[in-house]
Amino acid sequence: MRIIHRPDWTISEARVTPEAVALARRTLLGGAGAALAIRPAAAQLSWFGTAKPLPARPPLPARHDPQFTGGRPLTPEEAAITYNNFYEFGTDKNIAWAAQTLPVSPWNIEIAGLVAKPRTIALEDLLKQESLEERIYRHRCVEAWAMTVPWTGFPLAALVKLADPLSSARYLRFTTLADRKAMPGLEQPWYPWPYIEGVTMAEATNELAFLSLGMYGKIIPKQDGAPIRLTLPWKYGFKSAKSIVKVEFVEKRPVGFWQQVQGNEYGFWANVNPAVPHPRWSQAQERLLGTNEMVPTQIWNGYGKYVAELYAGLKNERLFM
Ligand SMILES: Nc1nc2c(c(=O)[nH]1)N[C@H]1C(S)=C(S)[C@@H](COP(=O)(O)O)O[C@H]1N2
Ligand SMILES: [Mo]
């Protein structure tokens with residue numbers, strides 16, 4: 001028997017409204033939130049400080065790369081870091097508090113598969129070898145919400161170089177943390193844990209592909225994938241795997257978490273394209289977190305100048321799902 005468990009977001013985000021955000025906030029507040037809808041915006045801001053504050057994050061200084069501006073106003077930090085997809089902590093958007101149990105230190109990354117020397121690196125040792133920079137990127141979730149965020153990290157290409165892959169390596173396969181003690185979402189056994197994602201070698205070494213350790217000039221929040229996550233701004237957000245523990249160089253195309261859950265809706269490539277609808281909703285527009293403004297979606301999420309050529313020869317692939 002095959003049971004298809006559709007995550008609630010695959011239905012709900014298609015009809016997202018400002019009310020949905022109000023509802024999310026109300027949930028954060030518990031019962032006290034019922035009055036929220038009639039409170040002025042300024043008063044709404046204070047709930048964040050008073051209800052259940054998220055831990056303060058230490059600064060993570062880095063050189064800002066002026067090449068990546070985001071092209072639209074930054075999403076307010078509070079909006080970006082309290083509206084998350086991180087199924088290991090639950091299937092709704094307000095998992096920020098639940099995610100504080102994520103154990104981030106010590107953190108090791110296993111480099112495995114088709115590389116000169118498979119090994120495990122402590123994150124702090126990896127960071128000694130990479131220099132951090134800040135880039136503002138647009139993020140587009142397949143559910144049609146979007147944000148614009150300053151990420152701090154280093155190019156994925158630098159990790160590929162350090163890993164020293166063999167010429168037979170064709171893909172990178174990322175495995176993320178699956179810790180039953182810390183992650184209540186793993187109790188939902190119908191999901192194919194751990195969360196896996198993958199990219200081609202050409203994608204991994206593209207200038208845009210980034211590993212993020214910070215957000216808004218500070219250490220990345222746990223709910224956003226601490227201590228290290230992928231940031232692939234031209235692809236739907238589910239490709240940007242959080243809390244990575246293993247990077248494997250492989251010959252076979254990896255099958256991602258969402259592809260396993262619902263392969264007819266979520267594929268390997270998942271490049272953003274307004275003209276290719278999701279089977280159950282349009283991708284023509286996106287809702288900006290923070291303002292709820294609806295704006296047109298751009299092909300490759302606006303990053304065609306960097307990545308379109310990667311796909312020029314791939315005529316028989318489902319590039320946009
Ligand atoms: N391990 C893991 N990584 C994940 C997810 C997840 O559920 N688990 N969700 C993905 C999805 S669908 C999106 S849109 C982004 C959301 O990142 P954010 O919460 O920082 O906005 O993370 C991606 N990476
Ligand atoms: Mo997403």
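The basis for the numbers below is simple: all heavy atoms, side chains too, and nothing from hydrogens, waters or symmetry mates. Counting starts at 1 for both ligands and their atoms, in listed order. Keep in mind the model is a prediction, meaning the values are calculated, not measured.
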Can you list the ligand 1 atoms lying under 4.0 Å from a non-hydrogen atom of [X]?
X: R229; result: 15 (C), 17 (O), 18 (P), 20 (O), 22 (O)
X: C141; result: 14 (S)
X: G237; result: 10 (C), 11 (C), 13 (C), 14 (S), 15 (C), 22 (O), 23 (C)
X: N84; result: 18 (P), 19 (O), 20 (O)
X: F238; result: 10 (C), 11 (C), 12 (S)

What part of [X] sits under 4.0 Å from ligand 1 if we count only heavy atoms: the side chain, the backbone, both or neither?
X: N85; result: both
X: E88; result: side chain
X: Y195; result: side chain

| remark: Residues at least two apart in sequence or cross-chain that pass side chain to side chain donor-acceptor pair (under 3.5 Å) with R119, listed by chain then number, are none
| field | K246 side, atom NZ; F174 side, atom CZ - distance, nearest 0.5 Å | value | 13.0 Å
Does [X] come within less than 4.0 Å of ligand 1, judged by its heavy atoms?
X: E197; result: no
X: G225; result: no
X: W145; result: yes
X: M147; result: yes
X: H139; result: yes

Specify whether [X] and [Y] have parallel, tilted or perpendicular ring planes, treating 30° as the upper limit for parallel and 60° as the lower limit for perpendicular.
X: Y306; Y: Y303; answer: tilted
X: Y266; Y: H278; answer: tilted
X: Y191; Y: W258; answer: perpendicular

| If you measure every N/O of D224 against every N/O of ligand 1, is any gap under 3.5 Å? | yes
| field | Residues forming a salt bridge (Lys or Arg N to Asp or Glu O under 4.0 Å) with D125, sequence neighbours excluded | value | K128
| field | salt_bridge(E77, K218) N-O dist < 4.0 Å | value | yes
| field | Note: E203-K239 ion pair, threshold 4.0 Å (strictly below) | value | no
| field | Shared hydrophobic cluster for V247 and L126 (ILVMFWY, side-chain gaps under 4.5 Å) | value | yes
